[in-house]
Amino acid sequence: MERTMIAELSQCIDQTVKISGWLQVLRDQKSMQFLILRDRTGLVQVAHWKKGNPELAELISTLGTESALTVTGKVVENPSVKLGGLEIQLETLAVENAAEAPLPFELTGDVLPNVDFRMDWRYLDLRRPEPLLVFKVQTTLEKAAREFWLQNGFMEIHSPKIMGTPSESGAELFELKYFDGKAYLAQSPQFYKQMGMAAGFDRVFEIGPVFRADPSFTSRHMTEFTGLDFEMAWINDHHDVMDMIERWLQYIYQAVKDEHGEAIKELLGVDLVVPSLPFPRIPMLEAIQIVKEMGYDLPEGKTKDLDPGGERTIAQHVKEKFNHDFVFVTDWPITARPFYHMRKPEDPSLTRSFDLLANGLEICTGAQREHRRAMLERQALEMGLTTEPIAYYLDFFRYGCPPHGGMGMGLSRLLMVLLGLPNIREAVYLFRGPNRLNP
RNA sequence: GGGGGCGUGGUGUAGCGGCUAACAUGCGGCCCUGUCAAGGCCGAGAUCGCGGGUUCGAACCCCGUCGCUCCCGCCA
C-alpha cells in the first residue's frame with residue numbers, strides 16, 4: 001500500500017490507508033487508545049479498541065512519544081474528533097524505531113529550553129512545526145530567488161571555497177592546511193563573481209557557503225552561513241543594483257506570502273507584508289543628520305557611519321515617514337568600505353555603495369565596483385594593501401572588463417527579518433559560531 | 001577584543017542567610033465507556049555549574065573559574 005500524507009486524509013474517507021509518522025501523544029485509556037500521529041503535513045488521530053486486539057494494545061502501551069510508526073487503518077468521518085473531524089481506525093501498527101523515554105525535552109510543551117540546549121538536540125527541535133515552517137519558507141525563498149534571477153538573464157555559478165591567497169583584509173579568514181602549504185576558506189565569492197563579469201557572463205548569481213573567522217557573540221552572527229550573491233554588468237551606477245535588489249526581494253516576498261502566508265501568520269504571528277517599490281534610499285550623510293535630529297547620540301568616533309543603534313533609529317524614521325520596512329543607506333564614506341567600491345566622481349570621499357536595512361537589521365551590502373584597473377590599484381594601495389596578494393584579481397580588469405556592480409546578502413538574516421525570528425540560530429539548519437561546531 | 005545578565009530534578013521556573021529546597025511539565029505505576037491542552041490518585045527524580053572564602057549556619061553574601069546568553073566592536 002502507498003503511504004498517504006496526513007494532509008490528504010480528508011480525501012480518503014472510508015478508505016483504508018497507510019500512514020507513517022511520529023507518535024506525538026498517546027492517550028492510553030481503559031478500553032481505548034488514541035494515538036496522535038504527526039508527519040510533515042499535519043496531525044491525525046488514530047483510534048484503537050483494545051478488546052479487538054489485546055496484543056497490539058499491549059505493544060501500544062509501551063510506546064514512547066516521538067516513536068516512528070507506520071499504521072494502517074480505515075479513515076472515518078467523526079465530527080466529535082476535534083482534530084479535523086476524522087480519525088483512523090487502527091488495523092495494523094509497525095514500530096519502525098521506538099523512541100527512548102523520556103525525551104531530552106518536550107517538543108510540544110508551552111515553554112522551550114534555551115536555544116543552546118535545543119541546538120544540542122537540533123534534530124528533535126526541528127520536528128516542531130515552527131522550525132519546519134522556517135525551512136519550508138527557506139526552500140520557497142531560494143526557489144523564488146533563482147526564478148527571478150533566471151527570468152532576468154542571470155547565470156548561476158559555483159565559485160571555489162578554498163583560496164590560495166587571503167582576499168580583502170584577511171582579518172577574518174579561516175586558515176587551513178593544504179598539503180604542504182596553507183589555504184583559506186572563502187569569506188565571500190566577491191572576486192569570483194567579478195571574474196564572471198570579466199568573462200562576459202553579464203549577470204551571475206551564487207547561493208553558497210561563506211566563512212568568517214569572527215569571534216562575534218550576537219544573535220545575528222555566524223562563522224559559516226549561506227550567502228546570496230549577484231553581480232551584473234553594464235550598469236550606470238549603484239542605483240541599477242538597488243533597482244534589481246528591490247524587485248528581486250518583492251518577488252521573493254510575494255512567493256513566500258502566496259505559499260506560506262497563512263501558516264506564517266498562524267504559527268509565527270507575522271503578517272507578511274510584500275514591500276512596495278521603490279525602497280527608500282537615504283545617503284549616509286543625510287542618515288546621520290536624521291538620526292541626530294531624532295535625538296540619537298552616535299558613539300565617539302562614529303562620525304561617518306551608523307552603529308547598530310543608529311541603524312535601528314533610521315529604520316524607525318523610515319517606518320514613520322514612508323511606512324516602509326526596508327531602507328537603502330547609500331553613498332558610504334570610503335573609510336568604511338573596501339577598496340574595490342567605486343568612488344563618486346563628484347565627491348571621491350564617498351562611494352557608490354549601499355547597505356540594505358530590513359527592520360533595522362543589516363542584511364545586505366552592495367556597490368558599483370571599480371572596474372578601471374589603474375584606479376583599482378591606486379585605491380588598494382591607498383587603503384594600505386599590497387597588490388601582490390590580489391594580483392590575480394587585478395588581472396581581471398586588464399582585457400576589457402565592463403562596468404558592473406552587485407551585492408551580497410545573508411540568507412538566514414533575510415529569513416530572520418521575513419519571519420520575525422529573534423535569533424539567527426532559529427533561521428539556520430545548523431548553527432556555526434565560535435563555540436558551536438556540533439552537531 | 002570590551003561590557004552586562006544568567007547557571008536550582010530531564011526541561012522551564014520559584015526560593016536570595018536558618019526547609020525534609022517548592023511549582024509546572026515530562027517520566028513510572030494505578031484508576032477512568034471516545035479521549036482530544038484529557039482527567040484523578042500515587043511515586044521516582046536536584047549533593048542548587050565548579051573551586052575557594054565570609055558566617056554558628058550559604059542555593060542565597062564575596063572572590064575566582066567554567067558554561068550559556070545578550071549588547072558593543074565587526075559584519076551578512
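Proteins come first, then strands; the chains are lettered A, B, ... in the order of their sequence lines, and each starts at number 1. Computed from a prediction, not measured in an experiment: that's the story for all the values here. Heavy-atom basis, side chains included; hydrogens, waters and symmetry copies ignored.
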Comparing nearest nucleotides in RNA chain B, the 5'-proximal residue of the pair A:V25, A:S412 is A:V25
Please tell me which of the listed nucleotides, B:U33, B:A76, B:U35, lies nearest to the side chain of A:E87? B:U35
A:Q29 atom CD is separated from B:A38 atom C1', nearest whole Å, by 7 Å
Mind checking if A:G109 touches a base, just sugar-phosphate, or nothing, with heavy atoms under 4.0 Å? nothing
By the 4.0 Å heavy-atom rule, please label A:D28 as base, sugar-phosphate, or nothing. base
Which part of the nucleic acid, if any, lies within contact of A:T218, taking any heavy atom under 4.0 Å across all strands shown: a base, the sugar-phosphate backbone alone, or nothing? base
Can you tell me the base-pairing partner of B:A59? Count Watson-Crick or G-U wobble geometry only, both distances below 3.5 Å, and say none if there is no partner. none
The side chain of A:M222 lies closest to which of these nucleotides: B:G12, B:C36, B:A76? B:A76
Would you mind checking if A:D28 and A:K50 are paired as a salt bridge, meaning a charged N to carboxylate O distance below 4.0 Å? yes
Any A:S31 side-chain nitrogen or oxygen under 4.0 Å from OP1 or OP2 of B:C32: no
Does B:A76 have OP1 or OP2 sitting under 4.0 Å from an N or O in the side chain of A:T365? yes
Salt bridge flag under 4.0 Å for residues A:K344 and A:D331: yes
With a 4.0 Å cut-off on N to O distance, would you call A:E231 and A:R203 a salt bridge? no
Quick one: A:E100 CD to B:U11 P, roughly how many Å, whole number? 16 Å
Please classify the nucleic acid contact of A:S216 as base, sugar-phosphate, or nothing, using heavy-atom distances under 4.0 Å. base
Mate of B:A22 across any strand shown (Watson-Crick or G-U wobble, both atom pairs under 3.5 Å) is B:U13
Name the closest nucleotide to the A:S219 side chain, picking from B:G26, B:C70, B:A76. B:C70
Taking atom types as modelled, find out whether A:E147 and A:Y251 have a side-chain donor-acceptor pair closer than 3.5 angstrom. yes
When you measure from the side-chain N and O atoms of A:N114 to the phosphate of B:G12, is any distance below 4.0 Å, counting only OP1 and OP2? yes
Between C1' on B:C66 and CG on A:N435, what's the gap in Å once rounded to a whole number? 12 Å
Just how far, in rounded Å, is C1' of B:U11 from CZ of A:F117? 7 Å
A:N423 side-chain proximity, nearest of B:U69, B:G28, B:C36: B:U69
Ring centre gap for A:F205 and A:F230 strictly below 6.0 Å: no
Is_stacked (A:F225, B:A76) at 5.5 Å, 30 deg: yes
So, is A:K82 close to the B:C36 phosphate, meaning a side-chain N or O under 4.0 Å from OP1 or OP2? no
Can you check whether A:F34 stacks with the B:U35 base, using ring centres under 5.5 Å and planes within 30°? yes
Assign A:L112 to base, sugar-phosphate, or nothing according to its heavy-atom contacts below 4.0 angstrom with the strands shown. sugar-phosphate
A:R312 side-chain N/O to B:C72 phosphate OP1/OP2 under 4.0 Å: yes
Counter-base of B:G43, judged by Watson-Crick or G-U geometry with both distances under 3.5 Å: B:C27
At less than 4.0 Å, is any side-chain N or O atom of A:R425 found next to OP1 or OP2 of B:C70? Yes or no. yes
When you match A:M409 and A:G309 each to their closest nucleotide on RNA chain B, which lands nearer the 5' end? A:G309
Salt bridge or not for A:K193 and A:E206, using N-O below 4.0 Å? no
Provide, to the nearest angstrom, the distance between the CG atom belonging to A:L306 and the P atom belonging to B:G73. 11 Å
Whole Å only: how far is the CD atom of A:E106 from the P atom of B:C27? 7 Å
B:G1: pairing nucleotide in any strand, Watson-Crick or G-U under 3.5 angstrom: B:C72
Would you indicate what A:Q33 reaches in the nucleic acid, counting non-hydrogen atoms under 4.0 angstrom: base, sugar-phosphate, or nothing? nothing
Does A:R312 come within less than 4.0 Å of A:E362, counting only side-chain N to carboxylate O? no
Could you work out which one of B:G73, B:C27, B:A76 sits closest to the side chain of A:E362? B:A76
Using a strict threshold of under 4.0 Å (side-chain N to carboxylate O), is an ion pair present between A:E224 and A:R436? no
For B:C72, does OP1 or OP2 lie under 4.0 Å from any side-chain N or O of A:R220? yes
Got a donor-acceptor pair under 3.5 Å from the side chain of A:Q45 to the base of B:U35? yes
Please report, rounded to the nearest Å, how far the C1' atom of B:C74 is from the CD atom of A:E172. 7 Å
A:R212 side chain, from C-beta outward: closest of B:A76, B:U69, B:G73: B:A76
Atom CG of A:D116 and atom C1' of B:C68 are separated, to the nearest Å, by 6 Å
